[in-house]
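Quick note: numbers below take in every heavy atom, side chains included, and nothing from hydrogens, waters or symmetry partners. The shown structure was predicted, so the numbers you read here are calculated from the model rather than taken from an experiment.
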Amino acid sequence: LRSAIDLNCIGPHTIALDCQVLQADGGTRTAAICGGYVALVDAVAKLPAAPPAGADWPGYKPAQAIVNPIAAVSVGVVDGQVRLDLDYHNDSRASVDLNVAMARGGRFVEVQGSAENGGTFDRQSLDQMLDLATSGCQKLLLIQQKALG
């Protein structure tokens with residue numbers, strides 16, 4: 001989530017996010033990233049608009065702190081097909097498992113993947129997974145924006 005925020009804009013404040021996914025059917029890491037982003041935006045919105053009188057906090061502008069909305073989703077190859085948002089059943093059978101975190105505008109924050117269950121994958125499959133992940137992240141970014149009002 002560090003790429004979502006300009007820390008210079010929040011002065012000496014510290015924001016600690018602890019994500020515990022209490023119920024999920026796969027994709028816990030990506031769910032934590034999506035929820036963590038919403039929590040980060042909510043936390044920044046609660047910061048004082050201006051520093052206290054006499055405080056020397058150059059660059060303090062919490063309203064400008066969020067610079068990149070972030071979302072993440074899992075994709076993979078199951079039974080030879082590229083699939084989005086793998087549940088536990090698909091994840092446990094996947095020949096490829098890939099987590100992708102993206103900023104709005106299609107810029108990658110993280111791509112983490114591996115072949116599983118003795119599988120391998122080629123560049124064409126990777127491109128298909130990244131295209132599907134991009135589409136999924138764009139939809140998630142809209143859902144996050146709606147949740148934040």
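- Under the 4.5 Å side-chain heavy-atom criterion for grouping Ile, Leu, Val, Met, Phe, Trp and Tyr, Leu1 is connected to Leu47 within one hydrophobic cluster.
- Following chains of ILVMFWY side-chain contacts shorter than 4.5 Å, one can reach Leu7 starting from Leu40, so the two form part of one hydrophobic cluster.
- Within 6.0 Å of atom CZ in Arg83, more than 12 heavy atoms from other residues, nucleotides or ligands are found, so the atom counts as buried in its surroundings.
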message: For Leu142 and Lys139: C-alpha separation, side-chain torsions, deciding distance, then whether side-chain contact (heavy atoms from CB on, under 4.5 Å) applies.
response: CA-CA 5 Å; Leu142 291 174; Lys139 289 176 185 176; 5.7 Å; no

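- Side chain to side chain, Asp131 and Thr134 fail the donor-acceptor criterion of an N or O pair below 3.5 Å.
- Both Phe121 and Leu132 belong to a single network of hydrophobic side chains, linked directly or stepwise wherever heavy atoms of I, L, V, M, F, W or Y lie under 4.5 Å apart.
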side-chain contact (heavy atoms from CB on, under 4.5 Å) between Leu148 and Tyr37, worked out: CA-CA 10 Å; Leu148 291 164; Tyr37 170 74; 4.1 Å; yes

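- Here SG of Cys137 is found 14.5 Å from CZ of Arg107. Values are rounded to the nearest 0.5 Å.
- Of all non-hydrogen atoms in Met129 and Leu98, the two that sit nearest each other are CB-CD2, 3.7 Å.
- The main-chain N or O of Asn99 is never found under 3.5 Å from a side-chain atom of Glu110 such that the two would form a donor-acceptor pair.
- The minimum heavy-atom distance linking Leu17 with Ala39 is given by the pair CD2-CB, 3.8 Å.
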- request: Dump the intermediate steps for side-chain contact (heavy atoms from CB on, under 4.5 Å) on Gln138 and Leu141, then the final yes or no.
  value: CA-CA 5 Å; Gln138 297 305 318; Leu141 286 164; 4.0 Å; yes

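- Nearest heavy atoms, Gly36 versus Cys19: CA-SG, 3.9 Å.
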Kindly list each side-chain donor-acceptor pair under 3.5 angstrom involving residues 52-75, sequence neighbours excluded, with atom names and distances?
residue : atom : partner : partner atom : Å
Tyr60   : OH   : Pro48   : O            : 2.5
Asn68   : ND2  : Ser3    : O            : 3.0
Ser74   : OG   : Leu86   : N            : 3.1

message: side-chain contact (heavy atoms from CB on, under 4.5 Å) for Phe108 and Leu130? Distances and angles first, verdict last.
response: CA-CA 10 Å; Phe108 294 103; Leu130 291 175; 3.9 Å; yes

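- Atoms NE2 and NZ, on His13 and Lys46 in that order, are 14.0 Å from each other to the nearest 0.5 Å.
- Residues Ile33 and Ile15 are members of one and the same hydrophobic cluster, defined by side-chain heavy-atom contacts under 4.5 angstrom among Ile, Leu, Val, Met, Phe, Trp and Tyr.
- No donor-acceptor pair closer than 3.5 Å links the side chain of Asp79 to the backbone N or O of Gln81.
- Residues Leu84 and Val109 are members of separate hydrophobic clusters, defined by side-chain heavy-atom contacts under 4.5 angstrom among Ile, Leu, Val, Met, Phe, Trp and Tyr.
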